[in-house]
Undergrad: 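One structure, as structure tokens, below. Some questions next.
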Amino acid sequence: MAVSFPIPSYFTAIFIISRLMSIMRISKHWNNKLLPPLDNITDKLSLDPSALESASQDFGHIVKSIPKAVLQPSSIADIASLINFSYNSSIPFTIAAKGHGHSVRGQAMANDGVVVEMTSMKKHRNGTGIWVSNDGVYADVGGEQLWIDVLNATLKHGVAPVSWTDYLYLTVGGTLSNGGISGQSFRYGPQISNVYEMDVITGKAEIVTCSPNKNSELFYAALGGLGQFGIITRARIPLEPAPKRVKWIRMLYNDFTAFTRDQELLISINGRHDSHALDYLEGSLLMDHGSPDNWRSSFFPPKHHPKITSSIINHRIIYCLEVVKHYDDQTQNTVDKELEQLLKGLSYMPGFMFEKDVLYAEFLNRVLRGELKARSQGLWDVPHPWLNLFIPKSQIEGFNDGVFKGIVLERNITTGPVLVYPMNRKKWDDRMSAVVPDEEIFYTVGFLHSSGFDDWEAFDDQNKEILKFCEEAGIGVKQYLPHFTSKDEWVHHFGSKWETFQQRKFQFDPKMILSPGQRIFNNN
Ligand code: FAD
């Protein structure tokens with residue numbers, strides 16, 4: 001193949017290829033003819049210590065795995081070339097797509113492998129990274145795009161996706177590899193239930209377009225597939241007309257049974273096109289640690305802080321039910337009535353309902369304010385020993401008694417947000433790789449801890465105690481954004497889906513190249 005570098009970069013190219021081959025222990029003599037060309041990407045492969053350092057960290061600041069090189073691709077072909085090179089090497093090396101690096105346990109790292117910095121694709125898309133169809137029915141979105149950019153681009157056309165995450169500075173490929181959940185999930189399903197089609201580069205370097213009707217095995221494998229089957233380079237996301245504003249309400253409870261009963265009642269109205277349904281429902285815990293607001297969002301009017309705080313002190317835990325109803329010019333005169341009807345008869349504490357009226361985009365991007373505040377206090381780039389769980393509805397009371405009122409209050413270290421809200425299983429597709437409990441309604445519980453660099457282990461111990469409690473109490477818990485270190489734990493996690501998961505791995509990434517940081521097939 002012709003080498004088209006100017007002279008100095010030609011030498012750089014040769015140097016990087018040789019270095020990469022030697023550090024990957026690939027013999028030049030062994031298969032000079034067999035190896036595919038790598039020279040088209042050498043100027044995008046970096047061995048620079050700062051690039052390696054950045055690729056060896058994530059939002060968790062707990063795991064550190066140093067790659068041998070970092071690829072800053074400018075095209076899909078660059079990524080395919082790298083995978084092809086590894087796939088055809090005598091000793092294949094591992095490759096991890098890194099979205100925005102917002103994993104918390106090294107899931108986007110590649111120890112001694114190559115990390116693909118997906119976001120570097122953004123500047124080479126020439127405006128095609130997010131493309132809204134002429135009829136506004138879908139958007140074709142690069143896997144490297146951030147959801148905040150998807151929101152801003154689609155809003156310009158008066159449309160938007162319907163299923164979100166709480167925080168929008170995550171990549172499309174990253175959340176589709178997990179699930180992508182938020183308060184819209186009860187009605188629209190997770191983000192992985194809202195994809196028409198994808199382009200995926202498999203572990204065999206094949207660039208495949210897949211959908212429910214075309215290469216469906218790869219389509220369902222990749223959704224919630226933890227990056228194991230391919231790198232998502234494009235997703236076609238359904239869009240709907242975007243509302244203008246939202247009514248945003250929080251109601252406080254001192255009784256968990258009443259809180260969950262009301263949550264479950266509200267999510268029972270969940271038709272995608274049912275105009276009477278809520279558009280968003282979440283819940284969280286308020287505990288006795290400073291302000292009732294936290295980094296995830298500030299909400300309560302300061303004048304009400306004293307009464308909320310004293311209620312928290314009295315009850316030790318207060319449960320906060322949070323709902324949203326969208327509206328626009330056509331519905332602005334009816335939205336209040338509609339909400340009143342929906343919330344009539346709920347059992348929150350009298351006098352403890354608080355309301356806001358904000359722009360739709362401001363609501364969706366609500367976590368940004370908290371991020372900026374935490375950053376300004378040096379509290380963002382710190383360890384995040386998070387634990388995210390799915391709990392079957394039938395066992396959520398036992399979880400409240402044993403975990404929230406037991407372990408959490410006893411240890412008394414939890415300061416970050418603790419989320420708890422239900423979802424409908426029928427909005428998930430069982431053919432996808434994502435794993436959820438085996439009950440029609442299940443809760444997500446998220447302990448979103450921030451800690452100091454020298455005390456994250458105390459939170460980790462609490463997480464372990466919670467998991468142990470669940471195991472001993474027979475609570476059929478599943479981890480979301482799972483983190484395990486042994487194969488047995490993964491087999492247990494996937495349960496009846498393990499065989500299929502493993503089969504798909506052999507089919508799409510037989511040399512176990514992709515996403516080694518998940519430690520599913522590379523856990524030695
Ligand atoms: P990364 O962390 O970079 O990657 C995650 C995994 O996906 C890795 O295994 C990686 O190899 C793989 N991957 C990345 N890109 C691709 C691709 N294009 N193709 C195939 N595999 C790929 N999650 C929710 O569901 N709901 C929330 O509300 C939510 N809020 C969050 C708030 C914060 C502040 C943070 C830090 C995380 C939150 N998350 C939430 C979790 C988040 O969805 C996951 O951490 C997700 O993996 C992060 O996306 P990322 O783009 O940074 O991916």
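Counting starts at 1 for both ligands and their atoms, in listed order. If you read the sequence from its start, that first residue is 1, and numbering goes on from there.
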Undergrad: Going by the closest heavy atom to atom 42 (C) of ligand 1, which one wins out of I181, I95, L170, L176?
TA: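 It is L170 that holds the nearest heavy atom.
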Undergrad: Is the cationic atom of R504 (NZ for Lys, CZ for Arg) positioned less than 6.0 Å from the six-membered ring centroid of F501 and within 45 degrees of its normal?
TA: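 No; the conditions do not both hold, so R504 does not lie above the ring face of F501.
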Undergrad: Ignoring hydrogens and geometry, is there a side-chain-to-backbone donor-acceptor pair from K497 to A434 under 3.5 Å?
TA: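 Side chain of K497 to backbone of A434: a pair is present.
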Undergrad: Touching ligand 1 at all, Y480? Heavy atoms, strictly under 4.0 Å?
TA: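 Y480: in contact with ligand 1 (<4.0 Å).
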Undergrad: Check I41, N84, I95, I201 against I79 for a side chain to side chain contact (heavy atoms under 4.5 Å, CB included) and give me the one that passes.
TA: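 Filter result, single survivor: I201.
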Undergrad: Taking only non-hydrogen atoms of G180, do any sit less than 4.0 angstrom from ligand 1?
TA: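 Heavy atoms of G180 do come under 4.0 Å of ligand 1.
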Undergrad: Which is closest to atom 51 (O) of ligand 1 by heavy-atom distance: T171, V367, I231?
TA: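 Shortest heavy-atom distance from atom 51 (O) of ligand 1: T171.
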Undergrad: Give the C-alpha distance, both sets of side-chain angles, the deciding distance and a yes or no for ring pair (Phe, Tyr, Trp, His ring centres under 6.0 Å) between Y360 and H326.
TA: CA-CA 7 Å; Y360 176 59; H326 299 161; 5.1 Å; yes
Undergrad: Is there a side-chain contact between W456 and H61 (heavy atoms, below 4.5 Å)?
TA: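 No; the side chains remain at least 4.5 Å from each other.
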Undergrad: Among F399, Y480, F390, Y421, which residue meets the ring-ring contact (aromatic ring centres under 6.0 Å, His included) test with F442?
TA: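 Single pass found, and it is F390.
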Undergrad: Just by distance, do the side chain of K98 and the backbone of S56 share a donor-acceptor pair under 3.5 Å?
TA: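 Looks like no, no N/O pair under 3.5 Å.
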Undergrad: Below 4.0 Å, non-hydrogen atoms only: which portion of Q191 touches ligand 1? Side chain, backbone, both or neither.
TA: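 Neither; no heavy atom under 4.0 Å.
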Undergrad: Closer than 4.0 angstrom: is that true for some heavy atom of G230 and an atom of ligand 1?
TA: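 True for this residue.
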Undergrad: Among A110, G446, A97, which one has a heavy atom closest to atom 11 (O) of ligand 1?
TA: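 Ranked by closest heavy atom to atom 11 (O) of ligand 1, first place is A97.
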Undergrad: Could you tell me whether some N/O pair between S515 and ligand 1 is separated by less than 3.5 angstrom?
TA: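 Yes; at least one N/O pair falls below 3.5 Å.
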Undergrad: With a heavy-atom distance limit of 4.0 Å, tell me whether S177 approaches ligand 1 through its side chain, its backbone, both, or neither.
TA: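 For S177, the contact with ligand 1 is made by the side chain alone.
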Undergrad: Any N or O of G99 that comes nearer than 3.5 Å to an N or O of ligand 1?
TA: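 Yes, since at least one N or O of G99 sits under 3.5 Å from an N or O of ligand 1.
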Undergrad: I'd like to check which ligand 1 atoms, numbered from 1 as shown, lie under 4.0 Å from a non-hydrogen atom of S103.
TA: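 Taking each heavy atom of S103 in turn, ligand 1 has 1 (P), 2 (O), 4 (O), 5 (C), 45 (O), 47 (O) under 4.0 Å.
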Undergrad: Is the closest basic N to carboxylate O distance between K393 and E440 below 4.0 Å?
TA: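 Salt bridge between K393 and E440, a charged N being under 4.0 Å from a carboxylate O: no.
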Undergrad: Whether R236 engages the ring of Y196 as a cation-pi pair (distance to the six-membered ring centre under 6.0 angstrom, angle to the ring normal within 45°) should be assessed.
TA: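 Pair R236/Y196 does not count as cation-pi.
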Undergrad: Less than 4.0 angstrom from a charged side-chain N to a carboxylate O is my criterion; do R105 and D58 meet it?
TA: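 Between D58 and R105 there is no salt bridge, as every charged N stays at least 4.0 Å from the carboxylate O atoms.
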Undergrad: Mind running side-chain contact (heavy atoms from CB on, under 4.5 Å) on S54 and E117 for me, showing each step along the way?
TA: CA-CA 10 Å; S54 149; E117 292 276 6; 3.9 Å; yes
Undergrad: Give the contacting part of V200 toward ligand 1: side chain, backbone, both or neither, where contact means a heavy-atom distance below 4.0 Å.
TA: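 It is neither part, as no heavy atom is under 4.0 Å.
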Undergrad: In this structure, does ligand 1 have an atom that sits under 4.0 Å from one of the heavy atoms of Y169?
TA: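 Y169 does not count as a contact of ligand 1 under the 4.0 Å cut-off.
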Undergrad: Can an N or O of G179 be found at a distance shorter than 3.5 Å from an N or O of ligand 1?
TA: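 Such a contact does not occur with ligand 1.
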Undergrad: Would you call E362-R245 a salt bridge at under 4.0 Å N-O?
TA: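 Judged by the 4.0 Å cut-off on N to carboxylate O distance, E362 and R245 do not form a salt bridge.
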Undergrad: Can an N or O of D166 be found at a distance shorter than 3.5 Å from an N or O of ligand 1?
TA: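 Checking ligand 1 against D166, an N or O pair does fall under 3.5 Å apart.
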Undergrad: With ring pair (Phe, Tyr, Trp, His ring centres under 6.0 Å) as the test, would you mind laying out the steps for W498 and F521 before giving the verdict?
TA: CA-CA 12 Å; W498 171 251; F521 299 98; 5.7 Å; yes
Undergrad: Considering both backbone and side-chain atoms of G101, is one of its nitrogen or oxygen atoms within less than 3.5 Å of a nitrogen or oxygen in ligand 1?
TA: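 Between G101 and ligand 1 (N or O atoms, distance only) the closest approach is under 3.5 Å.
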Undergrad: Of all the atoms in ligand 1, which lie at a distance below 4.0 Å from a heavy atom belonging to G227?
TA: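 This gives 21 (N) as the contact atoms.
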Undergrad: What are the atoms of ligand 1, with element, lying closer than 4.0 Å to any heavy atom of L481?
TA: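 Selected atoms, number and element: 41 (C), 44 (C).
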Undergrad: Can you tell me which portion of W147 lies within the under-4.0 Å heavy-atom range of ligand 1? Options are side chain, backbone, both, or neither.
TA: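 W147 to ligand 1: no contact under 4.0 Å from either part.
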Undergrad: Heavy-atom pairs closer than 4.0 Å: do any link ligand 1 to the side chain of N178, the backbone, both, or neither?
TA: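 Contact part for N178 vs ligand 1: side chain (C-beta onward).
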Undergrad: May I ask you to check whether S182 has an N/O atom sitting below 3.5 Å from an N/O atom of ligand 1?
TA: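 Min N/O separation from ligand 1 is not below 3.5 Å for S182.
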Undergrad: Using distance alone, determine whether I232 and ligand 1 share an N or O pair under 3.5 Å.
TA: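 Yes, since at least one N or O of I232 sits under 3.5 Å from an N or O of ligand 1.
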Undergrad: Is there any N or O on T175 that sits under 3.5 Å from an N or O of ligand 1?
TA: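 No, there is no polar N/O contact under 3.5 Å.
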Undergrad: Do Q107 and ligand 1 have an N or O pair less than 3.5 Å apart?
TA: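 Min N/O separation from ligand 1 is below 3.5 Å for Q107.
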Undergrad: With heavy-atom distances below 4.5 Å as the criterion, would you say the side chains of I391 and P437 are in contact?
TA: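 When only atoms from C-beta onward are counted, P437 and I391 do not touch, as no gap falls below 4.5 Å.
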